[in-house]
Amino acid sequence: MSSDHKPKPLPFVANFAAGAIAGISEILTFYPLDVVKTRMQLETGKSKLGLVGTFKGIVKEEGFGRLYRGLVPPLMLEAPKRAVKFAANDFWGKTYLGLTGESKMTQQLSVLTGCSAGATESFVVVPFELVKIKLQDKKSTYKGPIDVVKQVVQKEGLLGLYAGMESTFWRHVWWNGGYFGSIYQVKALLPKPESPKAELLNNFISGSIGGFAGTVINTPFDVVKSRIQGAERIPGVAPKYNWTYPAIATIAREEGLAALYKGFVPKVLRLAPGGGVLLLVVEFTLGIFRTTLGPPYI
């Protein structure tokens, strides 16, 4: 194939399926780190336990199975969430290229595309995230996901399932901007791959660095989201944490700036290699689709 020809973009269903497969692979591998991260973020005041201490405490006091409590909602969510992430990234990328008249993606457009994809994704994930957080909380007495939904709707109505919508929006905007923006930059710096194996390695490296960058940027927003979604709503009492940026200021003032990065270590241990796994599986799966569909997709 000459350098003047590019493979035809794959249909939406291929991007959707690749994102779904990648998301499920990532969550099954790294979920216990998410439970540890949430526990650390819900702990107010000075942190008493780090990653290892929290992990050991959960296993010792609650059993190993507790590290997988709340797995059902994210498993149900991961397929549509990851699919929406990559499909939206593809859609917004093409849209911005068309609007700007650029022939190929630039660093600025890559960041803008990632942020737009994150904003799109956030509307899908909120109810699932809320159920997951409430099940992961150490004080949780819910019997399971259905019980969470039932009790929240009874107490707060259907809109109660969307508590933390605004903070989730910002969390996804900033993570996706950092993730996709870094991937573009890192891929440009890496040597041009000369084989499929080298290309997979480049995808893993760029995805891991993108996951790290996104985590550094969005962790304060994730801490706030966990606090908002983990709190029990009391009728007539204004919640302590409600809007994102005022909540960030409150946590920083009362607990110090370091509190905004509670759970950072398990989060980055999940999302950095997780981001690499995610991108690697997506690209690998899309490669299979291209081969299966044949010309003009390859």
Side-chain angles (χ1 to χ4, degrees), residues 18-19 22-23 25-27 29-31 33-34 36-38 40-41 51 74 78 81-82 84-90 92-93 96 104-122 125 129 167-193 199-226 244-245 248 251-252 257-283:
S25 301
E26 186 270 340
I27 197 169
T29 305
F30 296 103
Y31 186 75
L33 287 169
D34 189 65
V36 173
K37 181 244 348 177
T38 299
M40 295 173 73
Q41 290 180 341
L51 165 64
E78 279 303 306
K81 183 179 87 169
R82 298 300 188 184
V84 166
K85 178 197 292 289
F86 283 94
N89 192 65
D90 183 62
W92 288 113
Y96 291 135
K104 62 180 181 179
M105 189 63 65
T106 65
Q107 176 70 25
Q108 291 78 11
L109 285 181
S110 183
V111 173
L112 181 60
T113 297
C115 288
S116 299
T120 305
E121 176 190 26
S122 69
V125 309
E129 280 285 316
S167 56
T168 303
F169 173 87
W170 289 116
R171 182 185 80 152
H172 285 264
V173 164
W174 293 121
W175 195 87
N176 281 273
Y179 179 64
F180 287 107
S182 296
I183 285 173
Y184 174 88
Q185 188 63 39
V186 173
K187 279 189 172 181
L189 294 173
L190 289 171
K192 187 175 180 179
E199 186 169 2
L200 287 175
L201 179 60
N202 278 12
N203 285 330
F204 183 79
I205 292 171
S206 59
S208 296
I209 294 174
F212 178 82
T215 303
V216 170
I217 295 169
N218 95 326
T219 295
F221 302 92
D222 194 35
V223 171
V224 169
K225 184 195 76 71
S226 293
T244 302
Y245 291 96
I248 286 175
I251 293 171
L257 288 172
L260 294 172
Y261 279 85
K262 284 185 174 181
F264 176 78
V265 174
K267 183 176 168 71
V268 82
L269 284 176
R270 177 191 176 188
L271 293 179
V277 169
L278 189 66
L279 191 62
L280 190 153
V281 175
V282 164
E283 294 296 338

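Just so you know, these numbers use all the heavy atoms, side chains as well, and skip hydrogens, waters and symmetry mates.
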In Å and rounded to the nearest 0.5 Å, what is the [atom1] to [atom2] distance from [X] to [Y]?
{"X": "Ile217", "Y": "Arg171", "atom1": "CD1", "atom2": "CZ", "result": "14.5 Å"}
{"X": "Ser226", "Y": "Glu129", "atom1": "OG", "atom2": "CD", "result": "8.0 Å"}
{"X": "Glu199", "Y": "Glu283", "atom1": "CD", "atom2": "CD", "result": "7.0 Å"}
{"X": "Lys225", "Y": "Gln41", "atom1": "NZ", "atom2": "CD", "result": "8.0 Å"}
{"X": "Ile205", "Y": "Leu189", "atom1": "CD1", "atom2": "CG", "result": "11.5 Å"}
{"X": "Glu26", "Y": "Leu280", "atom1": "CD", "atom2": "CG", "result": "12.5 Å"}

[X] versus [Y], closest heavy-atom pair with distance:
{"X": "Met105", "Y": "Gly93", "answer": "CE-CA, 3.8 Å"}
{"X": "Cys115", "Y": "Val173", "answer": "SG-O, 3.5 Å"}
{"X": "Gly178", "Y": "Ala213", "answer": "O-CB, 4.1 Å"}
{"X": "Pro74", "Y": "Ile27", "answer": "CB-CD1, 3.1 Å"}
{"X": "Ala252", "Y": "Leu260", "answer": "CB-CD1, 4.1 Å"}
{"X": "Ser167", "Y": "Thr244", "answer": "CA-OG1, 3.1 Å"}

Checklist entry - Any donor-acceptor pair under 3.5 Å linking the side chain of Asp222 with the backbone of Asn218? => result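 Pair absent, no side-chain N/O of Asp222 close to backbone of Asn218.
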Next on the checklist: Could you check whether any side-chain N or O of Asn202 sits under 3.5 Å from a backbone N or O of Lys192, counting only pairs where one atom can act as donor and the other as acceptor?
Outcome noted: no
Checklist entry - Does the ring center of Trp175 lie less than 6.0 Å from the ring center of Phe221? => result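 No, ring centres 6.0 Å or more apart.
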Item to check | For Leu33, the option from Leu51, Val265, Thr38, Val268 that meets side chain to side chain contact (heavy atoms under 4.5 Å, CB included) | outcome: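 Only one option passes, and that is Leu51.
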Item to check | Phe264 vs Val216, side-chain contact (heavy atoms from CB on, under 4.5 Å): CA-CA, chis, key distance, verdict | outcome: CA-CA 8 Å; Phe264 176 78; Val216 170; 3.9 Å; yes
Next on the checklist: Between Lys37 and Arg270, is there a side-chain heavy-atom distance shorter than 4.5 Å?
Outcome noted: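 Side-chain contact under 4.5 Å: no.
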Item to check | More than 12 heavy atoms from other groups under 6.0 Å of OH on Tyr184 | outcome: yes
Item to check | Stepwise side-chain contact (heavy atoms from CB on, under 4.5 Å) check, Asn203 with Lys187 | outcome: CA-CA 8 Å; Asn203 285 330; Lys187 279 189 172 181; 3.1 Å; yes
Next on the checklist: Check the orientation of Trp92 and Tyr96. Use parallel for under 30°, tilted for 30 to 60°, and perpendicular for over 60°.
Outcome noted: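 Because their plane-to-plane angle is under 30°, the rings of Trp92 and Tyr96 count as parallel.
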